[in-house]
Visitor: 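Provided herewith is a single structure, encoded as structure tokens, for subsequent inquiry.
Numbers here are sequence positions counted from 1.
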Amino acid sequence: MMFPDRIKIVEVGPRDGLQNEKASVPAATKIEFIDRLTDTGLETVEVTSFVSPKWIPQLADATEVFKGIRKKPGVHYPVLVPNETGMQRALEAGVKEIAIFTAASETFNQRNINASISESLERFAPVMEMARAHGIQVRGYVSCAIGCPYEGDIDPAQVAAVAAELYDMGCYEISLGDTIGVGTPRRARKMVYACARRVPMERLAIHFHDTRNQALANILACIDMGISTVDASVSGLGGCPYADGAAGNVATEDVVYMLHGMDIDTGVDLRKLLETAKWINAELGRTPTSKLARLDIDNALDATKRPKKSSSQPG
Ligand code: HMG
Ligand code: MG
């Protein structure tokens with residue numbers, strides 16, 4: 001197997017995770033959460049979404065949260081933007097990087113953003129114009145990249161076509177979302193392979209939800225193909241409000257543990273990440289989804305790497 005020396009992790013917990021929390025989370029908690037995440041060494045933390053509060057009331061405080069976070073130099077703080085209204089709000093809040101989002105499934109797109117795939121792309125054209133005018137970097141998401149809760153299996157060629165449209169519009173990176181976590185390694189690779197024929201591999205990211213415990217296996221299969229950007233959510237927070245039963249993203253700590261154990265660098269301090277996982281779960285009053293975050297931290301960190309006590313010590 002050929003693995004890269006470094007993987008970029010895009011932390012999506014504050015957005016993808018908290019967009020789906022039933023209880024409302026105070027803005028101050030979200031701000032502290034994001035600041036703690038950047039203190040772990042994560043270089044990209046997706047903060048929130050400037051979407052309609054009627055659709056996602058959990059993120060109605062987007063402006064307050066974005067303005068409240070500490071902007072650590074060198075860290076990217078993207079936000080989701082669905083239309084021109086969202087872009088205007090994001091600009092007013094001082095956002096420097098956004099993500100636009102569509103899907104490879106027509107039905108999912110209607111339910112999620114009230115638009116067909118081609119309507120959504122038309123809607124993004126003026127957003128891209130505004131982004132260019134303000135020097136804002138744009139990431140693109142393709143949801144239902146493997147399966148759709150309404151349409152079933154999705155053809156990899158369809159995913160590749162949507163990914164190529166977003167790339168050609170000027171997105172610097174395309175994140176391929178297994179929104180409902182149906183993928184398995186061979187299907188994941190087939191989909192990434194189709195996309196890599198249209199978009200350079202180094203411009204593709206993978207975004208696996210862990211509904212069926214396949215996310216880590218899928219990530220391993222895809223980084224072996226040359227993928228070097230992985231989306232994850234601390235403690236596996238989240239789901240999708242328009243995909244019934246979808247679990248959260250793969251837990252960031254699981255990804256970091258696996259990669260560091262394979263001598264692949266992420267720049268993340270796993271101890272601090274686990275402390276943050278425990279902290280946010282206590283704040284939300286929930287049990288961590290990831291097994292790693294349920295363990296005592298010293299036990300969670302790789303026991304095999306702890307220095308062995310020397311038996312020849314005196315006394
Ligand atoms: P619509 O109802 O068709 O929009 O929704 P509209 O233009 O008719 O506007 C309806 C109302 O919302 C109006 O207010 C607008 O002003 C307002 P009213 O006149 O009724 O008082 N409005 C807004 N307010 C604030 N910010 C805005 C905004 N836009 C309109 N940006 C729309 C269309 C796209 C707005 C809506 O469907 C929406 O916001 N959808 C967001 C859904 C969402 O966030 N889903 C989750 C994220 S996607 C995801 O999780 C997948 C991903 O993780 C990858 C993966 O896992 O696959 C990315
Ligand atoms: Mg998602």
Side-chain angles (χ1 to χ4, degrees), residues 9-73 75-82 85-99 101 112 207 209-210 231-243 246-253 268-269 271-290 292-294 297:
I9 294 190
V10 175
E11 170 62 47
V12 297
R15 191 281 303 173
D16 206 339
L18 299 187
Q19 77 183 9
N20 212 38
E21 273 303 306
K22 291 208 169 54
S24 95
V25 181
T29 307
K30 295 177 180 175
I31 291 166
E32 183 171 351
F33 182 34
I34 294 159
D35 288 346
R36 281 174 181 256
L37 285 168
T38 49
D39 280 341
T40 69
L42 283 159
E43 284 160 18
T44 305
V45 180
E46 201 172 66
V47 173
T48 184
S49 300
F50 287 82
V51 295
S52 168
K54 289 183 184 141
W55 287 63
I56 310 279
Q58 292 90 336
L59 303 183
D61 56 5
T63 299
E64 185 184 351
V65 171
F66 193 85
K67 285 191 169 168
I69 55 172
R70 177 165 41 87
K71 313 289 184 317
K72 197 172 161 189
V75 175
H76 298 260
Y77 295 101
V79 302
L80 260 62
V81 162
T85 309
M87 187 62 180
Q88 199 54 51
R89 290 175 60 212
L91 288 173
E92 282 161 15
V95 163
K96 300 274 182 282
E97 184 169 337
I98 64 161
F101 53 106
N112 194 38
H207 178 108
H209 285 258
D210 204 21
D231 297 0
S233 165
V234 71
S235 183
L237 289 179
C240 178
Y242 299 100
N249 297 86
V250 65
T252 314
E253 58 272 24
V268 176
D269 180 327
R271 179 179 290 277
K272 284 189 180 167
L273 188 68
L274 286 166
E275 285 165 0
T276 305
K278 285 187 186 292
W279 175 83
I280 190 64
N281 278 286
E283 288 291 319
L284 300 177
R286 55 145 79 196
T287 309
T289 313
S290 81
L292 207 57
R294 280 186 230 156
I297 293 184

Visitor: For the pair Ile98 and Met87, evaluate side-chain contact (heavy atoms from CB on, under 4.5 Å) and give the outcome as yes or no after the intermediate values.
Guide: CA-CA 8 Å; Ile98 64 161; Met87 187 62 180; 3.7 Å; yes
Visitor: Shortest non-hydrogen contact from Ala232 to Ala251?
Guide: CB-C, 4.4 Å
Visitor: Compare all side-chain heavy atoms of Glu11 with those of Thr40 and state whether any distance is below 4.5 angstrom.
Guide: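 The answer is no; the side chains never approach within 4.5 Å.
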Visitor: Report the distance from atom CH2 of Trp55 to atom CG of Asn112, rounding to the nearest 0.5 Å.
Guide: 7.5 Å
Visitor: Can you find a side-chain donor-acceptor pair between Asp16 and Ser233 that sits under 3.5 Å?
Guide: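 The criterion, which ignores hydrogens and geometry beyond distance, is not satisfied for Ser233 and Asp16.
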Visitor: Are any non-hydrogen side-chain atoms of Leu273 and Leu42 less than 4.5 angstrom apart?
Guide: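 Yes, close enough: below the 4.5 Å cut-off.
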Visitor: Between Ala90 and Val79, which heavy-atom pair has the shortest distance, and what is it?
Guide: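 Scanning both residues completely, I find the closest heavy atoms to be CB-CG2, 4.3 Å.
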Visitor: Would you give the length of the straight line joining atom CG of Leu292 to atom OG1 of Thr252, rounded to the nearest 0.5 angstrom?
Guide: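 So the gap between those two atoms works out to 11.0 Å.
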Visitor: Looking at Thr29 and Trp279, what are the two nearest heavy atoms and their distance?
Guide: O-CH2, 3.6 Å
Visitor: With a 4.5 Å heavy-atom cut-off, do Leu59 and Gln19 have their side chains touching?
Guide: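 Yes; the side chains approach each other to less than 4.5 Å.
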Visitor: Are the side chains of Lys72 and Tyr77 in touch, meaning some heavy atoms are under 4.5 Å apart?
Guide: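 When only atoms from C-beta onward are counted, Tyr77 and Lys72 do touch, with a gap below 4.5 Å.
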Visitor: On the ring face of Phe66, is Lys30 found with NZ or CZ under 6.0 Å from the centre and within 45° of the axis?
Guide: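 Ring-cation test returns no.
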Visitor: Is the backbone of Lys272 close enough, under 3.5 Å, to the side chain of Asp269 for a donor and an acceptor to pair up by distance?
Guide: yes
Visitor: State, to 0.1 Å, how close Ala62 and Arg89 come at their nearest heavy-atom pair, and which atoms those are.
Guide: CB-NH2, 4.0 Å
Visitor: Any side-chain heavy-atom pair from Thr287 and Asn281 closer than 4.5 angstrom?
Guide: no
Visitor: Between atom CD of Glu21 and atom CG of Leu237, what is the distance when rounded to the nearest 0.5 Å?
Guide: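 One finds 6.5 Å between CD of Glu21 and CG of Leu237.
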Visitor: Does some side-chain heavy atom of Glu253 sit less than 4.5 Å from a side-chain heavy atom of Ser235?
Guide: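 Answer yes - side chains close enough.
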Visitor: Please examine the side chains of Asn249 and His209, heavy atoms only from C-beta on, and report whether any two atoms are closer than 4.5 Å.
Guide: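 The answer is yes, as the side chains (C-beta and beyond) meet within the 4.5 Å cut-off.
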Visitor: Closest approach of Thr289 and Arg294, non-hydrogen atoms and distance?
Guide: O-NH2, 3.0 Å
Visitor: For His207 and Asp231, work out which heavy atoms get closest and say how close.
Guide: ND1-OD2, 2.8 Å
Visitor: Hey, what do you get for OG1 (Thr38) to NE2 (His76), rounding to the nearest 0.5 Å?
Guide: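 Reported to 0.5 Å precision, the distance equals 13.0 Å.
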Visitor: If you count heavy atoms of other groups shown closer than 6.0 angstrom to NZ of Lys96, is the number above 12?
Guide: no
Visitor: So how far is it from Leu37 CG to Ile69 CD1, rounded to the nearest 0.5 Å?
Guide: 10.5 Å
Visitor: Output the distance between atom CD1 (Ile31) and atom CZ (Arg36), rounded to the nearest 0.5 Å.
Guide: 13.5 Å
Visitor: Please evaluate residues Val12 and Glu46 with respect to the criterion side-chain contact (heavy atoms from CB on, under 4.5 Å), reporting the C-alpha separation (whole Å), side-chain torsions for both, the decisive distance (0.1 Å), and the verdict.
Guide: CA-CA 5 Å; Val12 297; Glu46 201 172 66; 3.5 Å; yes
Visitor: Indicate yes or no: at least one non-hydrogen side-chain atom of Leu284 is less than 4.5 angstrom from one of Phe33.
Guide: no
Visitor: Between Arg70 and Asp39, is there a salt bridge with N-O shorter than 4.0 Å?
Guide: yes
